[in-house]
Amino acid sequence: MASTSAFSPVTHSGDELAKSYDPTAIEQGLYDWWDSEGYFAPAASKEGDQRPPFVTIMPPPNVTDVLHVGHALFVALQDIMTRWHRMKGEPTLWLPGADHAGIAGQWVVEKLLAEEGLTRHDLGREQFLERVWAFMNEYRPRIREQMKLLGASCDWSRFAFTMDPGPARAVRVAFKHLYDKGLIYRGERIISWCPRCRTALSDLEVKHREEPSSLWTLAYPVEGSDERVLVATTRPETMLGDTGVAVHPDDERYQRLIGRHVRLPISNRLIPVVADSHVDRAFGTGAVKVTPAHDPNDFDIAQRTGLPALNILNLDATLNEHAGEFEGMTIDEARAGVVARAEAEGWLVSVEAHLHSVGHCDRCDTVIQPLISKQWFVQMAPLAEPALEAAHSGELAFVPERFKGVYDNWLENIHDWTISRQLWWGHRIPIWYCQECDGVHASIDETMESCPACGGRVEQDPDVLDTWFSSSLWPFSTLGWPDKTPDLARFYPGTVMETGYEIIFHWVARMVFMGIEMMGEVPFHTVYIHGMVRDIDGAKMSKTKGNGIDPIEVSSQYGADALRYTLVTQASPGNDSRLSLQKVEASRNFGNKLWNATRFAIRSIGETPIDMDDQGPARPAGDLALADRWILSRLDEVTRSSTRLLEGYLFGEAGRQINDFIWSELCDWYIEAAKVRLREGSDGQAAVAQVLAYTLERSLRLLHPFMPFITEALWQRLPHVGGSVMTAPWPSAGEGDAEAEQAFGTVMTLVRGIRNARADAGVEPGRWVAARVHAGALAAVIESTRAEFGLLARIADGQLEITSEEPRHEPSSVTVLADGVVAVLPLAEMIDIGVERARLERELGEAEQERQRAEKQLGNGSFVARAPESVVAVQRDRLARSLEQIAIIRERLDALGE
RNA sequence: GGGUGAUUAGCUCAGUUGGCUAGAGCGCCACGUUGACAUCGUGGAGGUCACUGGUUCGAGUCCAGUAUCGCCCACCA
């Protein structure tokens with residue numbers, strides 16, 4: 001091995017494999033060794049290889065994140081894809097990064113300051129940002145180290161942070177581009193305001209929750225009449241900001257009031273009654289109070305009808321000077337006050353219980369206040385259209401497909417995107433206002449000395465951009481854009497974006513339209529969506545509930561391989577899954593199984609020379625035993641099917657099938673059968689060694705993307721070619737051997753039948769018995785594998801007779817049927833006639849059922865006429881076999897007598 | 001109000017273009033320290049694939065509807 005680092009995966013834990021699998025012992029050091037060997041960086045394209053590189057950009061975790069099980073899932077899935085494509089020989093890039101997480105990041109540091117009794121305003125912007133950076137730099141390496149523990153084979157040399165100079169410049173360039181194009185504008189709109197974060201939020205950052213509340217009906221007196229208009233509201237305090245009452249233009253009840261005025265009982269203001277077709281005549285009283293400054297619907301009504309807006313809130317959600325006697329109160333206090341007055345003064349008509357959908361800040365859960373504010377927006381319609389088109393044309397595909405509908409639906413109903421945030425931590429809006437000529441200028445430079453128009457003094461916009469603005473540029477800002485770097489040319493667009501459904505809108509859709517707008521091309525062609533990992537009761541894992549499973553803790557106990565394997569195989573694309581330690585333990589046990597199978601193989605190979613080709617142990621050829629041919633054929637099949645499953649993004653099913661092959665076929669049958677040929681003086685040892693070396697080495701390659709550590713550790717111990725299983729070629733499937741599969745299948749069925757019969761008859765498991773096998777045409781085949789058969793079925797060597805004759809029945813014996821083969825076990829003193837009779841009766845019943853089913857099928861004319869020939873043939877075989885079995889069992893029952 | 005997912009063994013879930021005598025892991029029962037593995041082996045029990053109808057020679061798989069649970073989106077005061 002030409003290792004350049006001191007660590008070597010082979011010598012590391014001594015020469016002998018330990019008796020049982022200890023994940024921590026083998027995972028230790030392996031990752032750094034891979035890294036130091038340079039396996040994570042994309043390889044140069046091979047000459048003549050026209051395939052595009054495989055590129056996936058990691059969704060950047062927040063810098064302040066501690067690795068949780070959701071990260072572990074995406075790391076596992078992305079690493080499987082990455083390792084698989086790398087093994088297929090494609091230049092492969094998995095690019096990691098971290099996100100500055102504007103609001104969340106700022107909040108964390110503000111909380112620390114609060115412990116010192118300080119606010120960010122005490123420090124001032126500059127000092128505060130220094131504190132944030134210090135904090136970020138301290139925490140930045142943490143999650144990276146944790147992802148390494150999981151085996152993430154990403155290229156750390158390209159690690160990117162959203163606030164690094166490169167991506168930060170990309171933000172300014174993109175902003176200016178959109179600003180110059182008129183797609184970014186500044187306007188006074190109704191926005192969602194978080195009074196705690198003191199910033200505007202986008203629609204996506206507001207989470208609505210139904211909460212029990214009341215519906216108050218208030219009476220507003222009509223000016224110049226005795227009439228009163230009844231309006232219903234869930235927020236009575238907002239009447240302080242009412243500037244009108246709206247009714248439906250066709251509503252008979254209110255026709256005569258349109259254009260007249262009502263007097264707001266609380267502030268004695270006169271406000272007009274307007275008509276707007278948006279009003280639902282059937283809801284409440286059919287008349288709505290209009291508060292344009294604090295309700296998005298009312299804002300729209302006001303826009304259409306020309307009503308003014310009256311802001312009654314301070315930015316901390318207390319009432320302002322327009323609230324009169326309620327000034328300075330919180331919303332709850334003001335509400336209570338307004339209701340009390342209404343009741344006292346007789347204009348409260350009714351109070352009913354009502355479920356009300358209330359918006360909360362996604363970050364801090366504070367109740368959101370809609371209010372009118374001057375903010376920056378991205379005009380979405382022109383950007384959404386090509387993003388929709390990309391999904392329609394198939395240039396952008398979703399796995400599972402149904403998420404395309406989710407994506408479409410959002411883009412089709414999209415509102416403009418509020419991108420300014422009244423925070424300090426983030427990308428500062430690259431806009432400067434001239435203090436002298438009132439000019440507004442965007443720039444891609446970090447600073448602007450003076451007004452480009454008049455040379456006057458300029459001041460930069462104090463706000464920062466929504467974190468997702470920089471995220472939306474991620475697929476190219478990480479590759480050096482806006483510079484024309486070699487990486488950008490080679491790795492854009494990417495291949496797959498693997499992420500969770502919760503950020504399809506936040507991130508995926510925005511990357512798509514920004515990619516199309518800035519690069520002229522979608523940033524990736526496939527979006528793979530994974531589900532959420534929940535606890536075993538189906539609840540979301542959360543810190544506050546304390547039901548979280550810490551991936552690092554689990555890895556240190558069961559191994560990163562076991563955790564990864566569990567996460568991937570328990571889930572199917574797009575669906576949530578439930579994780580428990582019990583499942584991880586089962587995966588660890590699989591590791592132990594593999595470990596011991598390899599230990600057995602290494603011991604069996606011993607000093608035997610193994611034929612090698614340029615990939616590894618050569619495929620065994622020549623005069624092979626039936627079991628050899630069978631396992632090679634099964635390996636072909638699992639290679640074929642797991643490759644097909646990976647191509648279809650069915651990672652879990654692929655992983656399960658590889659496990660099933662290794663455990664239930666290689667270990668349970670091949671290795672057990674091979675033992676007989678490894679005995680002293682046996683002549684099959686060399687062939688077994690070759691088959692084991694070949695099969696196991698291939699199996700390790702198949703499993704490697706799923707369980708990278710253990711497969712590397714074991715692969716290094718087996719005969720192999722190359723430095724690491726990471727770069728060994730992904731296996732291609734051979735043709736398979738149907739004849740061997742069928743013949744060995746019969747042997748397996750016979751062995752199972754004999755074991756079953758022995759158990760029924762109460763034969764001690766270790767006891768060797770005699771048997772005569774009537775194998776008919778298969779006699780030669782069974783004869784060829786007699787030693788293996790004898791071992792598997794525990795039939796004593798000298799007492800196994802294999803014949804092509806018709807079955808003969810002994811009085812005190814047990815009869816076992818498998819396909820066309822009958823085994824007779826003279827168990828003499830152990831036989832309880834009653835038990836044996838019952839067993840045979842049961843088998844007869846089963847055979848009868850088989851016969852009936854087959855007869856029914858074959859008796860159906862249209863089945864025979866329309867079903868494919870192969871399906872019909874199966875039924876014919878089934879009928880023939882069941883008839884044969886019925887005859888044999890009957891005969892045997894007769895022979896048994898009473 | 002619109003989407004959308006789930007409903008398969010005691011539990012958690014697979015089941016990819018319809019051919020299934022419906023599988024796995026865990027749990028359960030019986031037996032077992034045979035030199036790879038007790039982080040194991042052998043055998044076993046356990047399911048009318050939510051319900052109703054339809055398409056088909058054939059449906060867990062396709063279609064329509066119903067029920068329950070869940071998620072997403074939506075400006076009903």
Side-chain angles (χ1 to χ4, degrees), chain A residues 17 19-22 190 208 215 231-235 238 246 278-280 282-285 287-291 295-301 354 356-357 370 400 402-403 405-406 409-410 413 501-502 504-505 531-532 536 538 558 562 566 569-572 574-580 582-583 585-604 641 644-645 648-650 652-653 656 659-660 664 667-668 671-672 675 752 755-756 758-760 762 764-766 768 791 794 846 849-850 853 857 860-868 870-872 874-875 878:
Chain A
L17 282 185
K19 189 176 171 189
S20 58
Y21 165 52
D22 176 3
I190 188 146
H208 289 269
L215 186 66
V231 294
T233 179
T234 51
R235 303 187 55 193
T238 60
H278 171 82
V279 176
D280 180 356
F283 188 91
T285 61
V288 201
K289 60 190 272 309
V290 183
T291 321
D295 184 291
N297 290 322
D298 294 2
F299 181 82
D300 290 346
I301 293 178
H354 186 72
H356 186 210
S357 178
R402 68 183 133 95
F403 289 104
V406 177
N409 196 269
W410 187 68
N413 301 298
Y501 52 68
E502 68 278 7
I504 291 177
F505 307 138
M532 189 188 295
I536 197 61
Y558 297 103
T566 306
T569 53
Q570 72 169 351
S572 48
N575 293 328
D576 291 354
S577 61
R578 303 182 186 192
L579 182 66
S580 70
Q582 214 180 30
K583 293 179 180 178
E585 189 179 354
S587 301
R588 190 275 317 265
N589 294 353
F590 169 52
N592 185 61
K593 191 72 185 177
L594 179 64
W595 180 270
N596 276 290
T598 306
R599 204 157 71 94
F600 176 85
I602 290 169
R603 186 189 298 186
S604 305
S641 72
R644 201 192 65 229
L645 290 164
Y649 297 92
L650 296 163
E653 188 59 16
R656 268 177 250 123
N659 174 321
D660 198 47
S664 309
C667 292
D668 287 355
I671 287 181
E672 290 309 316
K675 283 176 180 171
R752 283 198 196 100
R755 285 173 175 168
N756 179 333
R758 288 169 52 119
D760 270 3
E764 302 95 81
W768 295 86
L791 178 70
R794 296 236 126 219
E846 280 166 19
Q849 262 188 12
E850 277 285 289
R853 271 195 284 257
Q857 283 277 47
N860 181 337
S862 14
F863 170 74
V864 179
R866 299 193 190 204
S870 60
V871 175
V872 177
V874 167
Q875 296 302 323
R878 197 173 166 196

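Proteins get letters first, then strands, A, B, ... in listed order; numbering begins at 1 in each. As a basis for the values below, the full set of heavy atoms in this structure was taken, side chains included, without hydrogen atoms, waters or symmetry mates.
- Taking atom P on both B:G27 and B:U39, the two are 12 Å apart, rounded to the nearest angstrom.
- Among the nucleotides B:G19, B:G25, B:C76, the one closest to any side-chain atom of A:Phe863 is B:G19.
- The side chain of A:Asp668 has B:U42 as its nearest neighbour among B:A14, B:A36, B:U42.
- One finds the NZ atom of A:Lys583 at 8.5 Å from the CZ atom of A:Arg578 (value rounded to the nearest 0.5 Å).
- Considering only the side chain of A:Val288, B:A77 comes nearest among B:A77, B:C75, B:G43.
- If you check B:U16, B:A36, B:U12 against the side chain of A:Lys583, the one that comes closest is B:U12.
- Nearest nucleotide to the A:Arg603 side chain, out of B:G35, B:A77, B:C40: B:G35.
- Using a 4.0 Å cut-off, some side-chain N or O of A:Asn756 falls inside it from OP1 or OP2 of B:G44.
- The two residues A:Arg588 and A:Ala562 come nearest to each other via the heavy atoms N-CB, 3.6 Å.
- Checked against B:C72, B:U39, B:A36, the side chain of A:Phe505 finds its nearest nucleotide in B:C72.
- Residue A:Asn589 places at least one side-chain N or O under 4.0 Å from the OP1 or OP2 atom of B:C40.
- Using a 4.0 Å heavy-atom cutoff across all strands shown, A:Ser20 reaches at least one base atom of the nucleic acid.
- Under 4.0 angstrom from either OP1 or OP2 of B:C75 there lies no side-chain N or O belonging to A:His208.
- Here the P atom of nucleotide B:U21 and the CD atom of A:Gln875 are 7 Å apart, to the nearest Å.
- Taking atom CD of A:Glu653 as the reference point, atom P of B:A24 lies 13 Å away to the nearest angstrom.
- B:G15 sits 15 Å from B:A9 when the P atoms are compared, rounded to a whole Å.
- Residue A:Val279 is classed as a base contact, given a heavy-atom separation below 4.0 Å to a base.
- Remark: P of B:C73 and CD1 of A:Ile504 are 10 Å apart, rounded to the nearest angstrom.
- In this structure, A:Val406 reaches neither bases nor backbone, as no heavy-atom distance under 4.0 Å exists between it and the strands shown.
- Counting any heavy atom pair closer than 4.0 Å across all strands shown, A:Pro296 reaches no nucleic acid atom.
- For A:His354, the side-chain atoms get nearest to B:A77 when compared with the rest of B:G15, B:A77, B:G5.
- Pairing of B:A22, defined by two Watson-Crick or G-U wobble distances under 3.5 Å, is not identified with any nucleotide.
- One can place CD of A:Gln849 at 12 Å from P of B:U21, the figure rounded to the nearest angstrom.
- A:Glu850 comes within 4.0 angstrom of a base, heavy atoms only.
- Among the atoms of the strands shown, base atoms are found under 4.0 Å from some heavy atom of A:Lys675.
- In this structure, CG of A:Asn575 is placed 15 Å from P of B:C72, rounded to the nearest angstrom.
- Across B:A77, B:U21, B:A36, the shortest atom-to-atom separation from the side chain of A:Asn596 is found for B:A36.
- Counting any heavy atom pair closer than 4.0 Å across all strands shown, A:Arg644 reaches a base atom.
- Counting to the nearest Å, the P atom of B:G70 and the OH atom of A:Tyr501 are 14 Å from each other.
- Of the candidates B:C75, B:U12, B:C31, B:C31 carries the atom nearest the A:Pro765 side chain, counting heavy atoms from C-beta on.
- Atom P of B:G44 sits at a distance of 13 Å from the matching atom of B:G23, rounded to the whole Å.
- The base of B:A24 lies outside donor-acceptor range of the side chain of A:Gln570, with no N or O pair under 3.5 Å.
- When the side-chain nitrogen and oxygen atoms of A:Arg656 are compared with OP1 and OP2 of B:A24, none of them lie within a distance under 4.0 Å.
- Rounded to whole Å, the separation between the P atoms of B:U7 and B:U12 comes to 12 Å.
- Ring planes of A:Tyr21 and A:Trp595: tilted class, angle from 30 to 60°.
- Within the 4.0 Å cut-off from OP1 or OP2 of B:U34, not a single side-chain nitrogen or oxygen of A:Arg794 is found.
- Phosphate contact (OP1/OP2 of B:A14, side-chain N/O of A:Ser572, threshold under 4.0 Å): present.
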